[in-house]
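Worksheet: one structure, shown below.
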Amino acid sequence: MAALRGLLARPLASYYLLLSSAGLLLLIGLTMVFSATSVKDYAEGGDASASVTKQAVFAVIGIVAFWACQRLPARTYRALGRPVLAVAIGLLLVLNLLLAYARLTGQESARIGPIEAKLLWLFVGGVQVQPSELAKLALVLWGAHVIARKGVALGWWKELATPLFPVVGLLFVLVGYNDLGTMLCLLAIVVGLLWAAGVRMRVFAALSAVGAVGIGLLIAVASLGAGSGERGQQNYRFARLMSFVDPPSPEQCKLDGCLQIYQGRLAIEHGGWFGVGLGKSSLKWDWLPEAHNDFIFAIIAEELGVVGCAVVLTLFAVLAYTGLRIARRVEDPFRRLAAAAVTTWLVSQAVINIGGVVGLLPITGLPLPFISDGGSALVVTLAAVGMLASFARAEPDAARALHARPPARWVRLVWAPLPPLPGRRRRPAPPPAARGSVPRSRARREDEQAAPRGVRQGRSRGGTADERRR
């Protein structure tokens with residue numbers, strides 16, 4: 001423990017912990033995507049590496065985004081918050097309008113020029129984009145900037161409600177109508193921001209009540225065609241909730257809508273403690289739906305066993321510890337809020353995904369960060385980790401250590417520039433005196449005569465010189 005405390009006390013410990021945990025999760029993700037998709041890709045197209053090649057391309061793009069984001073200062077992130085939020089809301093509006101048009105015309109997708117909308121994705125010239133993933137990063141940047149600018153005024157409900165709550169409500173509606181799981185992730189980001197800002201608990205109680213009502217409404221609108229639902233058909237969101245609250249028997253699951261849960265449990269049971277071996281899963285042979293995405297943790301449990309699952313959970317725990325450590329150590333309020341929000345986002349999404357696979361939470365369809373197949377999610381996640389890396393280098397001890405022994409000039413040009421040195425904290429100025437107050441030195445005596453300058457009140461030079469000497 002002493003050696004561990006010594007390692008954690010090093011100035012750049014947060015930075016290296018972040019790089020190692022995120023890098024290992026990305027490597028595990030690419031490996032498991034290849035294992036989960038190779039059989040199906042070979043059966044359909046004769047190329048077992050089709051999906052992993054596509055995922056590797058997005059991983060390279062994400063690493064470039066990580067490299068670019070770790071070079072940016074905090075003022076650039078604050079300036080990017082509003083434009084990124086505007087782009088995310090614009091893409092969500094286009095997606096929802098096209099999907100509404102497709103519903104009215106009875107089609108599965110709608111197209112306007114080079115833009116095509118299908119369920120949760122926009123296809124722009126053949127490039128698949130998921131606007132809800134960009135909305136997560138936009139909410140982090142814009143929300144941290146707004147709350148940091150409010151400062152102590154957050155104690156007033158009016159200052160807290162505007163403009164944060166209207167924009168957050170709009171995002172919840174645009175995202176939650178089609179993707180309830182991502183809306184829960186956005187809700188976790190808002191909770192992380194307010195928690196890091198020190199908002200009072202009664203505000204959280206009020207938000208919890210409003211959030212519960214909103215989630216109930218979004219579950220109900222699935223009967224009207226929201227998400228994957230169809231008008232007049234069974235509400236699939238309510239069915240998932242009921243299958244979690246009152247799970248049917250395994251024999252009934254083989255026939256009803258809980259087949260995915262049943263097959264995921266079989267995969268976990270089949271894996272045991274040490275798994276059946278990497279690439280030897282039997283449930284990925286088109287028995288487990290979405291084995292490469294939502295239920296990839298079940299494939300990890302089958303092939304790598306409890307040991308492999310423990311490794312993945314440990315890496316996410318290290319990532320959570322590192323993010324909260326960065327949020328606690330940085331001095332800038334914006335960095336503290338953004339670091340706490342990103343950490344809450346990644347950890348809550350992992351908890352919701354893994355909890356749904358193992359049966360501790362209802363299934364929401366959220367991917368597992370770094371590991372599930374998905375290009376937009378991977379690129380945005382690595383960009384958020386790059387922002388965390390920038391904040392880790394800006395910790396006071398890390399900045400002083402980097403300036404004390406700066407790396408070579410080519411390293412700073414290629415990798416990351418030196419962070420700014422932490423400034424000295426100024427003492428808070430005394431509050432100004434109220435108007436009409438009289439300074440103590442100019443106070444009036446009881447006989448309304450001003451005290452002579454240089455003579456202290458209450459003391460006199462009475463008595464003879466001998467008495468004063470004594």
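The figures here come from the full heavy-atom set of this structure, side chains too, leaving out hydrogens, waters and symmetry mates.
Heavy-atom minimum distance, Leu184 versus Ile352: CB-CD1, 4.3 Å. Contact between Leu26 and Ala59 at its shortest, heavy atoms only, is CD1-CB, 4.3 Å. Between Ala389 and Leu18, the shortest heavy-atom contact is N-CD2, 3.3 Å. Looking at every heavy atom in both residues, Leu402 comes nearest to Pro419 through CD1-CD, 3.6 Å. Considering every non-hydrogen atom in both Val140 and Ala338, the closest pair reads CG1-O, 3.9 Å. Shown here for Ile326 and Leu388, the closest heavy-atom pair between the two residues is CD1-O, 3.8 Å.
When side chains are defined from C-beta on, Val190 counts as touching Leu194, because their heavy atoms get closer than 4.5 Å. Residues Lys118 and Leu98 form no side-chain contact, since every pair of their non-hydrogen atoms from C-beta on lies 4.5 Å or further apart. Side-chain atoms of Leu122 and Pro131, non-hydrogen and from C-beta on, do get closer than 4.5 Å to each other. Side-chain contact between Arg400 and Pro11 is absent, with no heavy-atom pair separated by less than 4.5 Å. When side chains are defined from C-beta on, Arg328 does not count as touching Glu395, because their heavy atoms never get closer than 4.5 Å. Side chains of Phe295 and Pro289 form no contact here, defined as non-hydrogen atoms less than 4.5 Å apart. Taking 4.5 Å as the limit, every side-chain heavy atom of Thr182 sits out of range of all side-chain heavy atoms of Leu120.
The salt bridge (charged side-chain N to carboxylate O under 4.0 Å, His left out) check on Arg149 picks up nothing, with sequence neighbours excluded. The side chain to side chain contact (heavy atoms under 4.5 Å, CB included) test applied to Arg336 returns Ala327, Val330, Pro333, not counting sequence neighbours. Under the ring pair (Phe, Tyr, Trp, His ring centres under 6.0 Å) criterion, Tyr77 pairs with Phe391, not counting sequence neighbours. Evaluation of the side chain to side chain donor-acceptor pair (under 3.5 Å) rule for Ser38 yields no partner, not counting sequence neighbours.
Among pairs with a residue in residues 120-143, those fulfilling salt bridge (Lys or Arg N to Asp or Glu O under 4.0 Å) read Glu133-Lys136, at least two apart in sequence or across chains. Among residues at least two apart or in separate chains, there is no ring pair (Phe, Tyr, Trp, His ring centres under 6.0 Å) pair with a member in residues 10-64. Counting only residues at least two apart or in different chains, side chain to side chain donor-acceptor pair (under 3.5 Å) contacts with residues 267-276 comprise His270-Glu302. Legend: side chain to side chain donor-acceptor pair (under 3.5 Å) pairs involving residues 305-325, not counting sequence neighbours, sorted by first then second residue: Ser14-Arg325, Tyr321-Arg325.
Remark: the backbone N or O of Gly279 is paired with a side-chain donor or acceptor of Glu303 at under 3.5 angstrom. When atom types are taken as modelled, the side chain of Ser390 and the backbone of Leu72 share a donor-acceptor pair closer than 3.5 angstrom. Formation of a donor-acceptor pair under 3.5 Å by the Trp67 side chain with backbone atoms of Val414 is found in this model. With hydrogens and angles disregarded, a donor-acceptor distance shorter than 3.5 Å links the side chain of Ser20 to the backbone of Leu17. At least one donor-acceptor pair under 3.5 Å links the side chain of Arg412 to the backbone N or O of Pro407. Here the side chain of Asn353 pairs a donor or acceptor atom with the backbone of Asp294 at under 3.5 angstrom. In this structure a side-chain-to-backbone donor-acceptor pair under 3.5 Å is missing from Lys40 to Ala48.
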Report, one line per pair, each donor and acceptor closer than 3.5 Å where one atom sits in a side chain of residues 366-378; sequence neighbours left out.
residue: Ser372; atom: OG; partner: Asn293; partner atom: O; Å: 2.6
residue: Ser372; atom: OG; partner: Leu368; partner atom: N; Å: 2.7
residue: Ser376; atom: OG; partner: Gln130; partner atom: N; Å: 3.2

Table please: side-chain donor-acceptor pairs of residues 80-96 below 3.5 Å, with sequence neighbours left out.
residue: Asn96; atom: OD1; partner: Asn178; partner atom: ND2; Å: 3.0
residue: Asn96; atom: ND2; partner: Leu92; partner atom: O; Å: 2.6
residue: Asn96; atom: ND2; partner: Leu174; partner atom: O; Å: 3.3

Please tabulate, for side-chain N and O atoms in residues 340-347, each donor-acceptor pair with protein atoms closer than 3.5 Å (sequence neighbours left out).
residue: Thr343; atom: OG1; partner: Ala339; partner atom: O; Å: 2.7
residue: Thr344; atom: OG1; partner: Ala340; partner atom: O; Å: 2.6
residue: Trp345; atom: NE1; partner: Gln349; partner atom: OE1; Å: 3.3

Please output the side-chain donor-acceptor pairs of residues 354-364 that fall under 3.5 Å, not counting sequence neighbours, one pair per line with the distance.
none

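Separation of atoms CG (Leu304) and CD1 (Ile300) is listed at 7.0 Å; rounding is to 0.5 Å. The OG atom of Ser21 sits 4.5 Å away from atom CG of Leu319, with the distance rounded to the nearest 0.5 Å. Of the inter-residue distances, the one linking Asp179 atom CG with Cys185 atom SG reads 9.5 Å to the nearest 0.5 angstrom. A distance of 5.5 Å separates CE of Met183 from CZ of Phe172, quoted to the nearest 0.5 Å. The NE2 atom of His292 lies 6.5 Å from the OG atom of Ser51; values are rounded to the nearest 0.5 Å. Distance CZ/Arg393 to CZ/Arg71: 9.0 Å, rounded to 0.5 Å.
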Please step through side chain to side chain contact (heavy atoms under 4.5 Å, CB included) for the pair Leu266 and Gln263, ending with a clear verdict. CA-CA 5 Å; Leu266 286 182; Gln263 296 294 343; 3.8 Å; yes
Yes or no on side chain to side chain contact (heavy atoms under 4.5 Å, CB included) for Trp142 and Val167, after CA distance, side-chain angles and deciding distance? CA-CA 10 Å; Trp142 180 81; Val167 176; 3.6 Å; yes
Worked check of side chain to side chain contact (heavy atoms under 4.5 Å, CB included) between Leu141 and Met387: CA-CA 10 Å; Leu141 297 177; Met387 183 174 64; 3.4 Å; yes
Report the C-alpha distance between Phe297 and Cys309 in whole Å, list the side-chain angles of each, state the deciding distance to 0.1 Å, and finish with yes or no for side chain to side chain contact (heavy atoms under 4.5 Å, CB included). CA-CA 8 Å; Phe297 190 77; Cys309 294; 3.6 Å; yes
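Crowding of Phe123 atom CZ: a count of heavy atoms from other residues, nucleotides or ligands under 6.0 Å exceeding 12. By the 6.0 Å contact criterion, CZ on Phe165 is enclosed, its count of non-hydrogen atoms from other residues, nucleotides or ligands being greater than 12.
Using a 30° and 60° split on the angle between ring planes, Phe334 and His145 fall in the perpendicular class, above 60°.
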